[in-house]
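Every value quoted in this text rests on a predicted model; they were computed, and no experiment measured them.
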Amino acid sequence: MTNERQSAFSGTREVAERLRFDVARLEGYLAAHLPGFAGPALVSQFKGGQSNPTYLIETPLRRYVLRRKPPGKLLPSAHAVDREHRVISALHAQGFPVAEPLLYCADESVVGTAFFLMAFADGRVFWEPHMPDSHPAERAQVYDGMNATLARLHVFDPSAIGLGDYGRGEHYVARQVARWSKQYRASETERIAEMDELIAWLPQHLPPPVPVRLVHGDYRLDNIILSPSEPHILAVLDWELSTLGDPLADLAYHLMQWDMPPSETGAGVGSLVGHDLDALGIPARADYVNAYMARTGLDPRPHLPIYLAYNFFRLAAIFQGIVGRARAGTATNEQALAMGPLVRPLAHKAWEFARAAGGK
């Protein structure tokens, strides 16, 4: 299992037939709108990039990355590539590690849906949180860098960086529970008792308000590009779920890997369960939380079980949405249907944390 996710998700492949577009039309558009662009362009599709199809555009002079909405019938509010472009533009201006945004195009006649273009960040992606083929010193530095980068994101005053109206902010967890409950019901394929319990329990057991901050929504190691030769973060990717909200909910999502039910198929999110963290150079969850607290002044500990229950529930709902899209023909990854069997273990883990927080 060690490198299954690594090989399944790394690199590019030929563009899937239903996600192809007229490359000559894109070349013409970029030649007219992007200074310095010169074709011909060779287009391939990244194997990762589950929900928004992501393409490598190679020209004789440089490489670009194009992210677009998928074609077909989409769930409400999903696949907001315009928001993704806006947030990386604001963060890039602050020197925060994101890919350099180059252009946003709302004109659907170019590639079939709205898209944005960014510079290609040439580095490494580790698809497994235990970082096979690394070594303890590097793992320790990467985990510290991930912690520092998330803390830096959560320290920004959204208004000061031009994102004061990027989301509603208050009552974030309540709104997320309502949103993912609704989207889970919209794509439900079988009854899972724990999901029913959580949909009833979570709205009654929300954590208390905290300062509103910019949240990533999917912050984990495999959404980060590291420098080719150093344990240095070049870019945080995949801002599709970002908004203004509760930074502790965002942290708790990132903490799930310490308790993630391992997947036999490699289709799910990576897990640290069953690994000797000390030998690997990876901090224990409590130490990681302490480092975040020291950097932000925010303390997740009193309500961490609730935050983890919510996040495991949310991930179960996200996976169920991917399964639903796979059945409808709009998911962009061959492994989408393999996520079906993962929904139940995630729901079970969420209910375990709900019970730890007093759920009956």
Side-chain angles (χ1 to χ4, degrees), residues 9 19 21 26 29-30 33-34 45-57 63-72 74-108 110-121 125 149-150 152-154 156 158 161-169 172 175-176 179-180 183 213-220 222-225 233-245 247 249-250 253-254 314 318 321-322 325 330-333:
F9 295 136
L19 296 173
F21 54 81
L26 175 67
Y29 181 87
L30 295 180
H33 293 89
L34 183 63
Q45 185 183 340
F46 285 99
K47 291 183 192 173
Q50 174 61 252
S51 81
N52 284 330
T54 307
Y55 306 80
L56 177 63
I57 314 290
R63 290 179 288 178
Y64 306 90
V65 175
L66 183 151
R67 248 167 99 79
R68 64 179 285 207
K69 287 191 177 194
L74 305 175
L75 286 172
S77 79
H79 313 285
V81 291
D82 52 336
R83 288 174 57 80
E84 202 170 351
H85 179 260
R86 180 184 172 191
V87 73
I88 66 168
S89 299
L91 289 168
H92 187 262
Q94 299 301 316
F96 186 88
V98 288
E100 180 190 1
L102 299 171
L103 173 147
Y104 173 73
C105 174
D107 181 351
E108 296 188 352
V110 182
V111 302
T113 54
F115 73 90
F116 71 93
L117 198 73
M118 52 191 161
F120 176 73
V125 176
T149 301
L150 186 64
R152 185 177 171 202
L153 181 71
H154 291 166
F156 283 125
I161 62 170
L163 293 172
D165 62 348
Y166 188 63
R168 283 161 64 191
Y172 170 76
R175 283 185 290 105
Q176 286 281 305
R179 174 189 174 182
W180 292 107
Q183 296 208 356
R213 293 289 184 259
L214 183 58
V215 297
H216 180 278
D218 195 13
Y219 190 80
R220 56 182 203 243
D222 55 284
N223 277 331
I224 288 170
I225 295 182
I233 294 176
L234 292 183
V236 178
L237 306 177
D238 202 357
W239 294 84
E240 183 209 334
L241 294 172
S242 64
T243 188
L244 301 188
D250 208 28
Y253 174 87
H254 180 50
R314 173 177 174 265
I318 289 171
I322 293 167
R325 290 208 312 281
T330 56
T332 64
N333 186 309

**Item:** Arg213 side chain to His154 backbone, donor-acceptor under 3.5 Å
**Value:** yes
**Request:** Would you name the heavy atoms of Ala99 and Ala235 that are closest together and state the gap between them?
**Result:** N-CB, 3.7 Å
**Prompt:** Nearest 0.5 Å, what's the CD1-OG1 distance between Ile233 and Thr149?
**Reply:** 3.5 Å
**Prompt:** Where is the tightest heavy-atom contact between Pro53 and Leu19, given as atom of each residue plus distance?
**Reply:** CG-CD2, 3.8 Å
**Complete:** d(Leu102 CG, Leu34 CG) to nearest 0.5 Å is 5.5 Å
**Item:** Proximity of Phe21 and Tyr55 rings by center, below 6.0 Å
**Value:** yes
**Message:** Could you tell me if the side chain of Glu240 sits less than 4.5 Å from the side chain of Val81, heavy atoms only?
**Reply:** no
**Message:** I need the His92 NE2 to Met118 CE distance, nearest 0.5 Å.
**Reply:** 12.0 Å
**Item:** For the student: nearest non-hydrogen atoms of His85 and Tyr104, plus distance
**Value:** ND1-CB, 3.6 Å
**Request:** Locate the shortest heavy-atom distance separating His254 from Arg220; write the atom from each residue and the value.
**Result:** ND1-CA, 3.9 Å
**Item:** Residues Asp82, Phe116; criterion side-chain contact (heavy atoms from CB on, under 4.5 Å); working and verdict
**Value:** CA-CA 8 Å; Asp82 52 336; Phe116 71 93; over 6 Å; no
**Message:** Could you walk me through whether Asp218 and Tyr253 satisfy the side chain to side chain donor-acceptor pair (under 3.5 Å) test, starting with their C-alpha distance in whole Å, then the side-chain angles of each, then the deciding distance to 0.1 Å, before giving a yes or no?
**Reply:** CA-CA 7 Å; Asp218 195 13; Tyr253 174 87; 2.3 Å; yes
**Message:** Leu117 vs Leu30, test: side-chain contact (heavy atoms from CB on, under 4.5 Å). Steps then yes/no.
**Reply:** CA-CA 10 Å; Leu117 198 73; Leu30 295 180; 3.9 Å; yes
**Request:** Walk me through it: do Leu91 and Phe156 pass the test side-chain contact (heavy atoms from CB on, under 4.5 Å)?
**Result:** CA-CA 10 Å; Leu91 289 168; Phe156 283 125; 3.7 Å; yes
**Prompt:** In this structure, which one of Asp250, Val236, Val215 forms a side-chain contact (heavy atoms from CB on, under 4.5 Å) with Leu153?
**Reply:** Asp250
**Prompt:** Under the 3.5 angstrom rule, does the side chain of Ser242 hit a backbone N or O of His216 as a donor-acceptor pair?
**Reply:** no
**Prompt:** Does the side chain of Tyr219 reach to within under 4.5 Å of the side chain of Asp238, using non-hydrogen atoms?
**Reply:** no
**Fill in**
CG (Leu26) and CD1 (Ile57) are apart, to the nearest 0.5 Å, by 5.5 Å
**Message:** With heavy-atom distances below 4.5 Å as the criterion, would you say the side chains of Ile318 and Gln183 are in contact?
**Reply:** no
**Fill in**
The reported gap from OH in Tyr64 to CD in Glu100 (rounded to nearest 0.5 angstrom) is 10.0 Å
**Item:** His33 (side chain) donor-acceptor with Tyr29 (main chain) under 3.5 angstrom
**Value:** yes
**Message:** Rounded to the nearest 0.5 Å, what separates atom CG in Leu234 from atom CD1 in Ile224?
**Reply:** 11.0 Å
**Asked** Is Arg83 positioned over the aromatic face of Tyr166, cation under 6.0 angstrom from the ring centre and no more than 45 degrees off axis?
**Response** yes
**Prompt:** Got a donor-acceptor contact below 3.5 angstrom from the Thr54 side chain to the Asn52 backbone?
**Reply:** yes
**Request:** In sequence, state the C-alpha distance, the side-chain angles, and the governing distance for Ile88 and Phe96, and then conclude on side-chain contact (heavy atoms from CB on, under 4.5 Å).
**Result:** CA-CA 9 Å; Ile88 66 168; Phe96 186 88; over 6 Å; no
